[in-house]
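The next block holds one structure in the form of structure tokens; read it before the comments.
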Number of protein chains: 2
Amino acid sequence: MSSARAARGTQGVGPGEERTRPVTSGAVDGAETVAPRGIPDATVARLPVYLRALVNLAERGTRTCSSEDLAGAAGVNSSKLRKDLSYLGSYGTRGVGYDVEYLRYQIAREIGVTQDLAVAIIGIGNLGHALANYAGFSSRGFRIVALLDNDPDRLGEEVGAMRIRGLDELETVVAEEGVSIGVLATPAAAAQAVSDRLVAAGVTSILNFAPTLVSVPAGVDVRKVDLSIELQILAYHEHRKAAGDGSSDVHPSTRTTVGV
Amino acid sequence: MSSARAARGTQGVGPGEERTRPVTSGAVDGAETVAPRGIPDATVARLPVYLRALVNLAERGTRTCSSEDLAGAAGVNSSKLRKDLSYLGSYGTRGVGYDVEYLRYQIAREIGVTQDLAVAIIGIGNLGHALANYAGFSSRGFRIVALLDNDPDRLGEEVGAMRIRGLDELETVVAEEGVSIGVLATPAAAAQAVSDRLVAAGVTSILNFAPTLVSVPAGVDVRKVDLSIELQILAYHEHRKAAGDGSSDVHPSTRTTVGV
DNA sequence: ACGATTTTGTTCCCGCGTTCACAAGCTCCT
DNA sequence: AGGAGCTTGTGAACGCGGGAACAAAATCGT
Ligand SMILES: NC(=O)c1ccc[n+]([C@@H]2O[C@H](COP(=O)([O-])OP(=O)(O)OC[C@H]3O[C@@H](n4cnc5c(N)ncnc54)[C@H](O)[C@@H]3O)[C@@H](O)[C@H]2O)c1
Ligand SMILES: NC(=O)c1ccc[n+]([C@@H]2O[C@H](COP(=O)([O-])OP(=O)(O)OC[C@H]3O[C@@H](n4cnc5c(N)ncnc54)[C@H](O)[C@@H]3O)[C@@H](O)[C@H]2O)c1
């Protein structure tokens, strides 16, 4: 309880969350420098990208890399990368670059995936099956400890190396396995109710695939993955590309650097 | 050479794209007022949310709604909602609110989902199956016209109401069905190559589920959905919640219900 | 030993996005 | 008819994030 952070989770797509850090530019006098703890949300969202890029580099045998290299691998501006990393500390060496292994560890530690977090998936239908079978989670700091569904026909079914259990075991599983993240893959109509039970059982992070808003108390984070919305955003641009051909926007011809 | 510098699509998670509209303060004199066409990316990302909320309201029989109502249903600030809608035009009535049906149509038209867009899914494994079986896409402006895979064992397999076809049919399908959006659900190693073929065949929008960057020429949009990254972002906050319990700020001013 | 070179960490600035606050406009009641 | 009460649409303030530019540090070469 406690930890009444100002209302946090609602959406997840954009960094449109809220307060980032209490830095408060102010500083009337040089007395208080304020604890610099608190990494901007935009940076937090990129750390996993850097982590993955570092893992790839390490697998390829690279020992050190410059911010330029890493930024290229992660698909971001090198200046942004350096600023992001500077929030964690000074883990690079000027004139040399970053030690891949060391930085990898530091980022993993900052994210908190040095030891696996327990994850439960609720709603083992089409999507739930895919998630349960996905090997990528376990290699990235997560341990799927339970698959829950309320359809009697599914109970006991083996998915991956795991058995589907009844929804009535939710509270037990969360407590016994120390589940910290719940993945919602139920129909939209069931999402809020399941979310409420997860929260009541002590889960404080939810990844929601159902196309609906779930309300949670302060202190609980919800991120939403909405594939229809992703497609519709693409549709908008597609639409504009086709229609606005002669209006304002560029030709489909070579306009490499659109920006700036 | 770093070059390449894919103009538009790289990430998809944040609104951290680039140019929003070519407004460019310009207009030395009061002659040209500049075409107001060009909706901010952040707004575009929310339009589908509003659209869904409106559909829900309509199904519930609601005829009109205020910006406050709609904002509540969509989980955003009403002020933001009004400003977002103002980019589309003046579709509300002061003192009354918005006509649900009318606004729904206007947003759908702006997004470009009044007639269905053709979608092809490439890589019909765990995730591809789930996507192919998902009914939610067809009801939201998309028509899945092809399922492609390069595994000979999968060819001909029926998924949903559709047969899996070979990757060699990619170009044919794109041309014949007028595919405008390609969904990448192949392993990461194959993503870039498939993306290249899609683009060469004329596809200008890609939704990428593979945990890797795909580079595309200017004019092609890529949005990335990365579930491991979503989990890791949750992990970060989880981590902080557990560790920073006594470290920082905030009084326990129990602030409930987030969105509403 | 010392300067040239490389690359980080940081500062500064600009522009987008969010939010407040209010004027404009519509409806309804008296 | 006229005013009271809402609700939209927008102008303005402001804070965050992105990117360029620069200063500090470390290595290399001579
Ligand atoms: N399949 C996709 O590709 C896809 C894409 C986008 C969004 N989604 C969303 O993800 C969710 C799951 O999609 P799906 O295709 O897997 O649906 P599905 O119908 O195949 O699976 C839903 C599962 O949830 C179970 N369930 C229902 N109520 C439950 C409850 N109260 N508690 C626990 N389990 C419950 C059902 O028994 C079923 O097994 C839906 O909200 C859907 O809109 C799916
Ligand atoms: N399953 C999940 O829940 C999940 C979660 C996050 C990310 N992903 C990512 O989504 C992608 C698909 O995941 P999955 O679990 O379905 O994997 P999968 O191995 O089950 O399916 C991949 C499919 O792609 C096909 N394929 C391989 N190379 C191909 C090519 N060149 N052209 C066309 N098809 C090809 C394979 O035959 C297979 O059917 C992967 O990149 C994975 O990392 C999956």
Side-chain angles (χ1 to χ4, degrees), chain A residues 6 10-11 13-27 33 36 38-47 50 64-72 74-99 102-103 106 257 259-260, chain B residues 2 5 10-11 13-26 36 38-47 50 64-72 74-99 102-103 106:
Chain A
T10 28
Q11 293 266 36
V13 179
E17 310 281 309
E18 73 290 348
R19 68 94 72 76
T20 307
R21 49 186 165 149
V23 160
T24 61
S25 58
T33 350
I39 298 179
D41 288 337
T43 295
V44 170
R46 283 188 293 267
L47 290 181
Y50 304 151
T64 64
C65 67
S66 70
S67 65
E68 203 70 41
D69 297 334
L70 186 53
V76 303
N77 187 303
S78 69
S79 197
K80 197 191 315 195
L81 171 84
R82 289 198 300 276
K83 187 184 286 187
D84 284 341
L85 294 184
S86 76
Y87 289 114
L88 314 191
S90 286
Y91 296 135
T93 309
R94 292 166 192 244
V96 177
Y98 300 93
D99 182 287
Y102 183 59
L103 184 58
Q106 292 297 342
T257 39
V260 185
Chain B
S2 46
R5 203 70 181 101
T10 25
Q11 292 265 35
V13 179
E17 311 280 307
E18 71 287 347
R19 73 89 80 77
T20 307
R21 46 191 165 150
V23 163
T24 58
S25 61
I39 298 179
D41 288 338
T43 296
V44 169
R46 282 187 296 266
L47 290 181
Y50 304 151
T64 64
C65 67
S66 70
S67 65
E68 203 69 41
D69 297 335
L70 186 52
V76 303
N77 187 305
S78 70
S79 201
K80 197 190 312 195
L81 171 85
R82 288 199 300 277
K83 178 157 286 188
D84 283 342
L85 294 184
S86 77
Y87 288 114
L88 315 191
S90 286
Y91 295 135
T93 309
R94 294 163 128 111
V96 178
Y98 300 93
D99 181 287
Y102 182 59
L103 185 58
Q106 291 298 342

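None of the values given here were measured: they were computed from a predicted structure. Naming convention: chains lettered A, B, ... in sequence-line order (proteins, then strands); numbering from 1 in each chain.
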Exercise for review: Taking all heavy atoms of B:Y91 and all of B:Q106, pick out the closest pair and write down the distance.
Suggested key: OH-OE1, 3.2 Å
Check your understanding: Base, sugar-phosphate alone, or nothing: which one does A:S79 contact when heavy atoms must sit under 4.0 Å apart?
Key -> base
Review point. Whole Å only: how far is the CG atom of A:L70 from the C1' atom of C:dT6?
Key: 17 Å
Practice item. Establish, with yes or no, whether the OP1 or OP2 oxygen of D:dT8 is under 4.0 angstrom from a side-chain nitrogen or oxygen of B:S67. Key: yes
Point to revise | Distance in angstrom units between B:D41 CG and D:dC16 C1', rounded | key: 17 Å
Exercise for review: Rounded off to whole Å, could you give me the CZ-to-P distance for the B:R46 and C:dC16 pair?
Suggested key: 15 Å
Review point. Is any N or O donor-acceptor pair between the side chain of B:K83 and the base of C:dT19 shorter than 3.5 Å?
Key: yes
Practice item. Return the nearest nucleotide to the side chain of B:K80; candidates are C:dT18, C:dG9, D:dG9. Key: C:dT18
Check your understanding: Rounded to the Å, how far apart are B:I39 CD1 and C:dC16 C1'?
Key -> 16 Å
Study note, to complete from the structure: Separation of D:dT8 atom P from B:Q106 atom CD, nearest Å, is 16 Å
Review point. Is the distance from OP1 or OP2 of D:dC22 to the nearest side-chain N or O of A:R82 less than 4.0 Å?
Key: no
Check your understanding: Going from CZ on A:R46 to CD1 on A:I39, what distance comes out if it is rounded to the nearest 0.5 angstrom?
Key -> 11.5 Å
Exercise for review: Examine D:dT7: is either OP1 or OP2 under 4.0 Å from a nitrogen or oxygen in the side chain of B:Y91? Give yes or no.
Suggested key: no
Exercise for review: Return yes if a side-chain donor-acceptor contact under 3.5 Å exists between A:D84 and A:T43, otherwise no.
Suggested key: yes
**Study point:** Closest to the A:T93 side chain, choosing from D:dA26, C:dT19, C:dT10
**Key:** D:dA26
Revision key, fill the gap. What one should report as the nearest heavy-atom pair of B:D99 and B:T64 is CA-CG2, 4.2 Å
**Study point:** Value in whole Å for how far the P atom of C:dG9 lies from CD of A:E68
**Key:** 14 Å
Exercise for review: Side chain of B:P40 only, please: which of D:dT8, C:dC20, C:dG17 is the nearest?
Suggested key: C:dG17
Review point. Rounded to the Å, how far apart are B:L81 CG and C:dT19 P?
Key: 12 Å
Exercise for review: Starting from C1' on C:dT19, measure out to CG on B:D84 and report it in whole angstrom.
Suggested key: 12 Å
Practice item. Provide the closest heavy-atom pair for B:L85 versus B:Y50 in the form atom of the first, atom of the second, distance. Key: CD2-CD1, 4.3 Å
**Study point:** A:R94 side chain, from C-beta outward: closest of D:dA24, C:dT18, D:dG18
**Key:** D:dA24
